[in-house]
Amino acid sequence: MAGTQDSFEASRAEKLQRIEALGLDPWGTRFDGHQPIGAVRTLRIDATPPERVRVAGRIVLRRGMGKVAFLDLWDWTGRIQVMIGQKQVGEQGWNLAQQLDLGDLLGVDGTFGKTRTGELTIFAEGLHFLGKSLNPHPDKWGGMQDIEFRLRHRYLDLIYNPEVLDRARKRILIIRTIRRFLDDQGFCEVETPTLHAIAGGAAARPFITHHNALDIDLFLRIALELHLKRLLVGGIERVYEIGRVFRNEGISPKHNPEFTMMELYQAYGDYRSMMDLTEGLIVACVDALGAGRRLPFGDTEIDYSPPWERARYADLFHKHVGVSMDDTEGIVRICEARGFPSANKHPDVLIHHLFEECVEDKLLGPVFVYDYPASLCPLTKRQHLNPNVAERFELYIQGMELANAYTELNDPVTQEATFRMQLAGLPEEDSMAKMDDDFVQALRYGMPPAGGLGVGIDRLVMLLTNTSTIRDVILFPLLRPEK
RNA sequence: GGGAUCGUAGCUCAACGGCAGAGUGCUCGGCUUUUAACCGAUGAGAUGGCGGUUCAAAUCCGCCCGAUCCUACCA
């Protein structure tokens with residue numbers, strides 16, 4: 001039955017037995033002192049005597065030649081050819097070499113040089129078996145075409161699709177850069193609860209879970225905001241958290257039910273200080289990638305060179321919708337014309353609907369859109385002279401909301417009022433008006449005036465790595481379980 | 001939720017109403033300098049599921065399951 005899935009596995013299991021019979025542990029042992037393959041490749045090839053090297057990696061290609069065999073060994077820094085000669089590795093080594101499969105893990109001692117065709121090669125003198133692959137690895141020609149298979153086997157995707165590993169490393173670099181940037185500015189990183197009694201800080205449907213001992217339902221957090229602001233009350237003047245939030249909503253190229261947010265709060269700042277900070281932070285990430293400040297995205301290019309455009313919400317609205325935000329009649333007319341029923345809806349709900357429909361996808365940016373209709377922003381400070389305007393901005397790049405920032409509302413009386421106000425026309429789960437007494441109490445002890453910022457890390461990574469779908473910047477995106 | 005496309009060997013694909021095929025991988029044989037090595041051989045499939053049309057279905061039709069893309073929802 002050679003050829004069936006079972007026979008692949010049977011054949012590999014049999015090889016595992018034979019490796020054991022050679023007196024070796026088929027699952028490997030400690031293996032000290034190996035060098036990254038990428039570093040080996042930079043050694044001098046003409047050194048006398050030749051450089052001695054020790055590497056460890058996965059067998060990704062194999063060419064047998066009778067009494068000699070060539071392997072391509074891969075680790076996460078690179079790939080290199082290994083030549084195994086019958087004479088050179090001795091009887092034990094040669095017996096082991098006969099049992100090697102694609103996907104097995106192998107340590108090699110040898111000398112570094114090149115073959116007569118010029119290929120950089122480790123000429124093996126000792127082999128160390130480091131782990132068996134019982135399942136066959138992806139086909140060397142066809143590879144992994146099925147996207148679902150790749151997502152369900154991300155570990156293989158990382159090995160066989162170099163851009164996947166590259167993107168994962170860029171994500172790590174971006175997050176590390178954010179931490180360094182903020183730490184350098186005196187911000188403290190904290191961890192706040194993910195289990196919330198009230199799912200506040202944003203408008204989204206939460207995941208519900210249950211705590212048995214207290215016999216209460218709890219929600220997975222949908223934002224970091226309210227705990228971080230409590231820490232402002234507590235005197236942690238510059239505070240941030242990079243953490244997972246959970247929203248029980250649809251899955252799309254821009255949405256995963258759990259995603260990573262960075263939120264920060266700076267006492268005695270405001271939304272304009274946040275604009276400067278945001279620009280500096282993201283430019284630092286762009287610079288960390290080392291590919292210049294103009295980065296490709298899809299079939300265009302984004303120029304991150306500061307300063308970035310700043311545009312007032314009302315001005316953009318007028319420009320793209322064609323009527324003023326004060327022109328309620330005109331707004332109702334346009335909504336109805338576009339098939340969006342306007343009856344019993346707060347004017348600001350209509351305004352924001354039109355903004356999303358007509359303006360957002362024009363915002364190629366980077367552009368800071370600032371001064372939002374106050375009723376949409378229950379956690380934001382109103383302008384002192386015009387309480388209908390909230391001191392809020394969103395950063396748009398390529399029509400995506402990348403960051404959201406406020407001058408934080410620190411007046412407990414107004415906060416309690418906005419929590420209580422349910423905007424007409426908004427379903428309850430779409431409203432941020434969720435009364436949180438405990439939070440209001442915290443404000444009553446005095447929260448310093450502050451600027452706050454939230455950044456969607458996954459979307460930032462998408463933009464900076466030219467990735468069109470969020471599940472390619474999340475190593476393990478949510479998938480329907482296999483039946 | 002709506003629309004489009006797709007599901008054939010472990011993998012990548014072909015066959016488009018007439019005997020289900022190739023490459024690769026697997027297994028066996030040959031080769032001490034190969035480069036997705038090469039040469040030779042052996043295996044490997046009820047074509048996602050159920051039903052229908054037909055002398056004949058992978059192919060046409062219906063339903064189901066699953067996936068992908070677009071769209072909607074997600075302030």
Side-chain angles (χ1 to χ4, degrees), chain A residues 1-12 14-15 60-72 79-89 94 97 101-103 113-121 123-124 135-153 156 160 201-206 222-223 247-257 259 313 346 348-357 360 372-373 375-380 390 392 394 401 404 423 425-427 429-433 456 468-471 479-483:
Chain A
M1 295 299 271
T4 67
Q5 184 67 30
D6 284 350
S7 80
F8 282 116
E9 289 168 14
S11 141
R12 282 170 182 250
E14 198 181 314
K15 285 177 180 164
V60 292
L61 271 183
R62 195 177 43 158
R63 300 174 285 283
M65 298 277 309
K67 295 189 176 62
V68 67
F70 293 90
L71 305 178
D72 281 9
R79 204 186 250 236
I80 196 162
Q81 171 168 277
V82 175
M83 196 198 89
I84 301 172
Q86 186 176 31
K87 273 185 203 161
Q88 292 86 337
V89 296
W94 190 248
D101 283 315
L102 291 176
K114 58 180 175 184
T115 60
R116 65 185 183 208
T117 54
E119 180 75 19
L120 297 184
T121 300
F123 298 91
N135 286 347
H137 280 238
D139 185 79
K140 70 177 176 184
W141 276 17
M144 295 184 290
Q145 294 300 313
D146 182 12
I147 292 170
E148 185 191 2
F149 184 89
R150 291 175 52 184
L151 294 177
R152 291 191 192 279
H153 303 80
L156 296 177
Y160 296 100
R205 238 166 273 199
I222 59 173
R247 297 187 179 177
N248 201 344
E249 284 161 357
I251 296 173
S252 87
K254 288 180 188 170
H255 301 85
N256 193 60
F259 60 101
Y313 186 100
H346 189 287
D348 286 348
V349 172
L350 301 180
I351 286 170
H352 200 61
H353 176 80
L354 289 179
F355 187 87
E356 288 180 321
E357 286 228 323
E360 275 193 351
Y372 275 64
S375 54
L376 300 171
C377 316
L379 295 160
T380 311
R392 168 186 185 179
E394 291 206 1
E401 307 162 35
N404 184 18
L423 283 194
L426 268 187
E429 67 264 15
D430 290 346
S431 169
M432 288 210 291
S468 60
T469 157
I470 197 169
R471 64 186 186 192
L479 300 173
R480 182 192 303 274
E482 278 181 297
K483 59 270 150 210

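Because the structure is predicted, anything quoted here is derived from the model rather than measured. A, B, ... follow the sequence lines: proteins, then strands. Residue 1 opens every chain.
- Taking the ring pair (Phe, Tyr, Trp, His ring centres under 6.0 Å) definition, one finds that A:Y160 meets it with A:H137, sequence neighbours left out.
- A:R62 comes within contact range of the sugar-phosphate backbone alone, with a heavy-atom separation under 4.0 Å but no base atom that close.
- Pair check for B:G62 finds B:C50; Watson-Crick or G-U wobble, both atom distances under 3.5 Å.
- Not counting sequence neighbours, A:Y372 has no partner by the side chain to side chain donor-acceptor pair (under 3.5 Å) test.
- Among residues two or more places apart in sequence or in another chain, the side chain to side chain donor-acceptor pair (under 3.5 Å) test is passed with A:Q81 by A:R63, A:T121.
- Taking the salt bridge (charged side-chain N to carboxylate O under 4.0 Å, His left out) definition, one finds that A:E357 meets it with A:R338, sequence neighbours left out.
- Checked against side chain to side chain donor-acceptor pair (under 3.5 Å), A:Q86 has no partners two or more places apart in sequence or in another chain.
- Considering only residues two or more places apart in sequence or on other chains, A:S252 meets the side-chain contact (heavy atoms from CB on, under 4.5 Å) condition with A:K254, A:H255.
- Looking at A:R247, its side chain does come within 3.5 Å of a backbone N or O of A:I222 through a donor-acceptor pair.
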Below 3.5 Å is the cut-off: list the nitrogen or oxygen pairs between protein and nucleotides 67-71 of chain B, distance only.
| unit_1 | atom_1 | unit_2 | atom_2 | d |
| --- | --- | --- | --- | --- |
| B:A67 | OP1 | A:R480 | NE | 3.0 |
| B:A67 | OP2 | A:R480 | NE | 3.4 |
| B:C69 | OP1 | A:R471 | NH2 | 2.6 |

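- A:E394 meets the salt bridge (charged side-chain N to carboxylate O under 4.0 Å, His left out) test with A:R392; sequence neighbours excluded.
- Against the 90° criterion about 0, the sugar-base torsion of B:A46 places it in the syn range.
- Atom CZ of A:F8 is separated from atom P of B:G25 by 10 Å (rounded to the nearest Å).
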Protein-nucleotides 22-24 of chain B N/O pairs under 3.5 Å:
| unit_1 | atom_1 | unit_2 | atom_2 | d |
| --- | --- | --- | --- | --- |
| B:U24 | O2' | A:D139 | OD1 | 2.9 |
| B:U24 | O2 | A:D139 | OD1 | 3.3 |

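- Atom NE2 of A:H137 and atom P of B:C26 are 12 Å apart (whole Å).
- Atom CZ of A:F149 and atom C1' of B:G48 are 17 Å apart (whole Å).
- Under the rule for a salt bridge (charged side-chain N to carboxylate O under 4.0 Å, His left out), A:R62 has no partner lying at least two apart in sequence or in another chain.
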Can you tabulate the close N/O pairs, meaning under 3.5 Å, that link protein atoms to atoms of nucleotides 28-34 of chain B?
| unit_1 | atom_1 | unit_2 | atom_2 | d |
| --- | --- | --- | --- | --- |
| B:C31 | N3 | A:G66 | N | 3.3 |
| B:C31 | N4 | A:G66 | N | 3.3 |
| B:U32 | OP2 | A:K67 | N | 3.0 |
| B:U32 | O4 | A:K87 | N | 3.3 |
| B:U33 | O2' | A:R116 | NE | 2.3 |
| B:U33 | O2' | A:R116 | NH2 | 3.3 |
| B:U34 | O2 | A:R63 | NE | 2.5 |
| B:U34 | O2 | A:R63 | NH2 | 3.2 |
| B:U34 | O2 | A:Q81 | OE1 | 3.3 |
| B:U34 | N3 | A:Q81 | OE1 | 2.7 |
| B:U34 | N3 | A:Q81 | NE2 | 2.9 |
| B:U34 | O4 | A:Q81 | NE2 | 2.4 |
| B:U34 | O4 | A:T115 | OG1 | 2.8 |

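- Atom CG of A:N135 and atom C1' of B:C11 are 13 Å apart (whole Å).
- Between A:W94 and A:I84, some side-chain heavy-atom pair lies under the 4.5 Å cut-off.
- Separating the CG atom of A:L102 from the C1' atom of B:A37 is a distance of 14 Å, rounded to the nearest angstrom.
- One P atom belongs to B:C16, the other to B:U59, and the distance between them is 13 Å to the nearest Å.
- Under the side chain to side chain donor-acceptor pair (under 3.5 Å) criterion, A:E360 pairs with A:Y396, sequence neighbours left out.
- For B:C26, the OP1/OP2 oxygens have no side-chain nitrogen or oxygen of A:K15 closer than 4.0 Å.
- Atom CD in A:E14 sits about 12 Å away from atom C1' in B:C26, given to the nearest Å.
- For the P atoms, the distance from B:G49 to B:A36 is 38 Å, rounded to whole Å.
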